[in-house]
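Below is one structure, written out as structure tokens; the observations come after it.
The first residue of the sequence shown is numbered 1, and numbering continues consecutively from there. As a basis for the values below, the full set of heavy atoms in this structure was taken, side chains included, without hydrogen atoms, waters or symmetry mates. Every value quoted in this text rests on a predicted model; they were computed, and no experiment measured them.
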Amino acid sequence: MSDEVKEIFARRKGRKPPEASPAEGRKPAAPESGPAAAAESGRTAGAEGRSASGGRPAEGRGGNGGGARGGNGGGAGRGSGAAPPAPAALAAKVRTLAPSMTRSMQRVAEAVASDPAACAALTVTGLAELTGTSEATVVRTARLLGYPGYRDLRLALAGLAAHQQSGRAPSVTADIAVDDPLPDVVAKLAYDEQQTLADTAAGLDMVQLGAAVRALAGARRTDVYGVGASGLVAQDLTQKLLRIGLIAQAHSDPHLAVTNAVQLRAKDVAIAITHSGSTGDVIEPLRVAFDHGATTIAITGRPDGPVSQYADHVLTTSTARESELRPAAMSSRTSQLLVVDCLFIGVAQRTYESAAPALSASYEALAHRHRSGGPSR
């Protein structure tokens, strides 16, 4: 066991007894609070809440993705039908979901991420004692990370430990400091960007991505909502879709977003881009589009955030650590652009017969502007 985990264990010596388990008279979800727990209960009530507020009936669409309509994952198999993450994707999953976990679940996640080999050797009771939590919290953390139970998480931890011992380069963990020389800044940024892209790729749900691609390829019209840095990503996606002959528009003004969302119908698509998953100016138009029958997609770093309540399909992004000189918008934009590019390429492949001539025509229309002589007359 590593010194770090031993230190954690030593700090727990004087702690209070672990939390009571559900069998001891406590409801499973009662001790937890915050986005992860809220989403867990919100998924159950999502369909009833939308029906009571005048939304669409909830038949045939998912429920295990933060409020998507109906049964199991927005009609695309998200949730209980999905395979657990591969061991190599576990670290990425922890980094992505830890900010949305309760504090007790974060302690479990931090322990398995800091020393997977040592934690793989622990029983569920041992890990609960190590982290000062309960067996129920350990199991909930395993399930939030995408594993049916703790046994599956232990197997993934063993696989991750073997992967880490295979000679991979050590992580660059230092944040950028005010007095860092420029070469160090470049090296740290490059590493963080690479890690963010790798984490996003590892954690991206292929079933959800495929369903989103199919919806976009067949859409009559696509509206994309985003503000701030996410608004720039929204513009990038709509410009790409326009180049292959699809009707798409980006909205960063919340009033225009809502007034356009009310015009959407069953053959339309609405996409919300929000790293936090809780940006009201993005959630509101997505909710309106959802209620009017459009297929809805969320691109977010917080899959258990409020935005997922109104998303048929959720595409999860990852981010690097936030610091004083590196705000979340920098790394979130990188991961969002990767997801946007995956969507675009997928749609272009699916609509190649019409996309290829449209893309060629757009190149030809702009070609004269890239010549040294400037625009031709």
**Asked** So, Arg154 side chain and Ala120 main chain: donor-acceptor pair closer than 3.5 Å or not?
**Response**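 Flag set: sc Arg154 to bb Ala120 pair under 3.5 Å.
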
**Item:** Donor-acceptor pair, side chain of Asp312 and main chain of Thr296, under 3.5 angstrom
**Value:**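 Yes.
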
Name every donor-acceptor pair, under 3.5 Å, that has one atom in a side chain of residues 241-249 and the other anywhere in the protein, sequence neighbours excluded.
unit_1, atom_1, unit_2, atom_2, d
Arg243, NE, Ser362, OG, 2.7
Arg243, NH2, Ser362, OG, 3.4
Gln249, NE2, Asp223, OD1, 3.3

**Request:** Just do the side-chain contact (heavy atoms from CB on, under 4.5 Å) check on Thr317 and Thr300 with the steps written out, would you?
**Result:** CA-CA 6 Å; Thr317 59; Thr300 179; 5.7 Å; no

**Asked** Are Gln336 and Arg333 linked by a side-chain donor-acceptor pair shorter than 3.5 Å?
**Response** no

**Item:** Donor on one side chain, acceptor on other, Thr200 and Ser318, under 3.5 Å
**Value:**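 No, no side-chain donor-acceptor contact under 3.5 Å.
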
Please give me the minimum heavy-atom distance between [X] and [Y], naming the atom from each residue.
X	Y	answer
Tyr225	Leu264	OH-CD1, 3.7 Å
Ala266	Thr295	O-OG1, 4.3 Å
Ala270	Leu286	O-CD1, 3.7 Å
Ala311	Ala298	CB-CB, 3.7 Å

Would you say [Y] ends up clustered with [X] if hydrophobic residues are merged whenever their side chains have heavy atoms under 4.5 Å apart, either directly or through other cluster members?
X	Y	value
Val224	Val340	yes
Tyr352	Leu343	no
Leu157	Met101	yes

Atom pair [atom1] ([X]) and [atom2] ([Y]), whose distance is rounded to the nearest 0.5 Å:
X	Y	atom1	atom2	answer
His251	Thr238	NE2	OG1	9.0 Å
Asp236	Asp341	CG	CG	6.5 Å
Ile297	Thr222	CD1	OG1	7.5 Å
Leu182	Leu189	CG	CG	9.5 Å
Asp192	Thr334	CG	OG1	9.5 Å
Leu209	Leu204	CG	CG	5.0 Å

**Message:** Before you tell me yes or no, could you show the steps for His313 and Ile299 under side-chain contact (heavy atoms from CB on, under 4.5 Å), namely the whole-Å CA-CA distance, both residues' side-chain angles and the distance that decides it to 0.1 Å?
**Reply:** CA-CA 9 Å; His313 312 296; Ile299 299 175; over 6 Å; no

**Prompt:** Can you list the steps and then say if Ile283 with Tyr310 is a side-chain contact (heavy atoms from CB on, under 4.5 Å)?
**Reply:** CA-CA 8 Å; Ile283 295 174; Tyr310 307 106; 4.0 Å; yes

**Test side chain to side chain contact (heavy atoms under 4.5 Å, CB included) applied to Leu127 and Thr137, Thr141, Val112, the passing residue** =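 When side chain to side chain contact (heavy atoms under 4.5 Å, CB included) is applied between Leu127 and each of Thr137, Thr141, Val112, only Val112 qualifies.
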
**Item:** Minimum side-chain heavy-atom gap Thr316-Val314 below 4.5 Å
**Value:** yes

**Request:** Could you please spell out the steps behind the side-chain contact (heavy atoms from CB on, under 4.5 Å) verdict for His292 and Val262?
**Result:** CA-CA 7 Å; His292 281 77; Val262 298; 4.2 Å; yes

